[in-house]
Amino acid sequence: DAGVTQSPTHLIKTRGQQVTLRCSPKSGHDTVSWYQQALGQGPQFIFQYYEEEERQRGNFPDRFSGHQFPNYSSELNVNALLLGDSALYLCASSAGTGGYNEQFFGPGTRLTVL
Amino acid sequence: GNSVTQMEGPVTLSEEAFLTINCTYTATGYPSLFWYVQYPGEGLQLLLKATKADDKGSNKGFEATYRKETTSFHLEKGSVQVSDSAVYFCALSDRGGYQKVTFGTGTKLQVIP
């Protein structure tokens with residue numbers, strides 16, 4: 001079992017550009033959540049996808065969007081990048097959306113915006 | 001909204017010392033509570049969890065008890081090892097559907113030989 005995988009590992013972009021991050025959930029999982037972890041901070045919830053729909057969203061602007069594919073993998077898109085978007089982006093998967101269901105985290109994608 | 005407050009670090013302990021990392025939370029209803037650990041250069045790992053009041057989560061010698069009356073979930077370990085050096089995050093999620101995990105800011109633990 002490969003666990004949760006994310007690509008790319010690192011990414012450098014400039015202000016105003018757009019970026020797409022990818023996530024493959026753990027085998028058997030159908031729910032994907034995305035988090036932003038700024039340096040020295042705890043992860044902040046961005047949104048969650050289940051059955052190819054955004055089910056819940058945190059306090060992030062519309063520049064952050066996502067998609068879930070029929071195979072449960074997911075993408076996070078960020079438009080019009082700002083310096084403050086520099087962070088570690090974590091993907092987490094779970095089997096279902098219940099609060100009891102453990103989320104497994106991927107290693108993250110480190111995004112640097114210059 | 002939900003929030004988690006945990007003691008600021010870094011915490012530096014000698015090997016075999018007793019560890020306590022305090023965590024308190026604010027939430028509506030009855031959340032599930034978690035401790036996650038992030039080792040240097042690695043992703044977040046679930047360390048332990050508790051899903052209802054008075055439950056005790058335990059793993060790898062760490063334990064924490066869900067205290068509804070004090071809205072707390074303090075992490076403890078009787079004898080820390082150098083390999084326990086990491087950042088520890090207290091977190092909660094709402095019960096029911098569409099879980100959204102709210103994390104604390106993390107406490108960095110350094111254990112010295």
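Numbers restart at 1 for each chain; the letters A, B, ... are given by sequence-line order, proteins then strands.
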Self-check item: Hphob cluster co-occupancy, A/Leu88 + A/Ile12, side-chain heavy atoms under 4.5 angstrom
Solution: no
Quiz item: Under 6.0 Å from the CZ atom of A/Arg15, do we count more than 12 heavy atoms belonging to anything else shown?
Solution: no
Exercise. Any chance you could measure A/Glu102, atom CD, to B/Ser32, atom OG, to the nearest 0.5 Å?
Key: 11.5 Å
Quiz item: Which residue out of A/Ala92, A/Gly58, A/Gly42 racks up the most heavy-atom pairs below 4.5 Å with chain B?
Solution: A/Gly42
Quiz item: In this structure, are over 12 heavy atoms from other groups packed under 6.0 Å from A/Asn59 atom CG?
Solution: no
Quiz item: Has B/Glu16 got more than 12 heavy atoms of other residues, nucleotides or ligands less than 6.0 Å from its CD?
Solution: no
Quiz item: Which atom pair, heavy atoms only, marks the closest approach of A/Gln37 to B/Phe89?
Solution: NE2-CZ, 3.4 Å
Quiz item: Can you say whether A/Phe47 sits under 4.5 Å from chain B via the side chain, the backbone, both, or neither, judging by heavy atoms?
Solution: neither
Quiz prompt | Side chain to side chain, A/Tyr35 and B/Leu44, heavy atoms closer than 4.5 Å | solution = no
Quiz item: More than 12 foreign heavy atoms under 6.0 Å from NZ of A/Lys13: is that the case here?
Solution: yes
Exercise. Output the option from B/Val101, B/Leu46, B/Thr102 having the highest count of non-hydrogen pairs under 4.5 Å with chain A.
Key: B/Val101
Quiz item: What part of B/Gln45 gets closer than 4.5 Å to chain A, counting heavy atoms only: side chain, backbone, both or neither?
Solution: neither
Quiz item: Is A/Phe105 reachable from A/Val32 through a run of hydrophobic residues whose side-chain heavy atoms are each under 4.5 Å from the next?
Solution: no
Quiz prompt | A/Arg55, A/Gln48, A/Gln56 screened by side-chain contact (heavy atoms from CB on, under 4.5 Å) with B/Lys100, the one that passes | solution = A/Gln56
Quiz item: Can you name the nearest heavy-atom pair linking B/Tyr36 to A/Gln103, along with the distance?
Solution: OH-O, 3.7 Å
Quiz item: Does atom CG of A/Leu39 have more than 12 heavy-atom neighbours from other groups under 6.0 Å away?
Solution: no
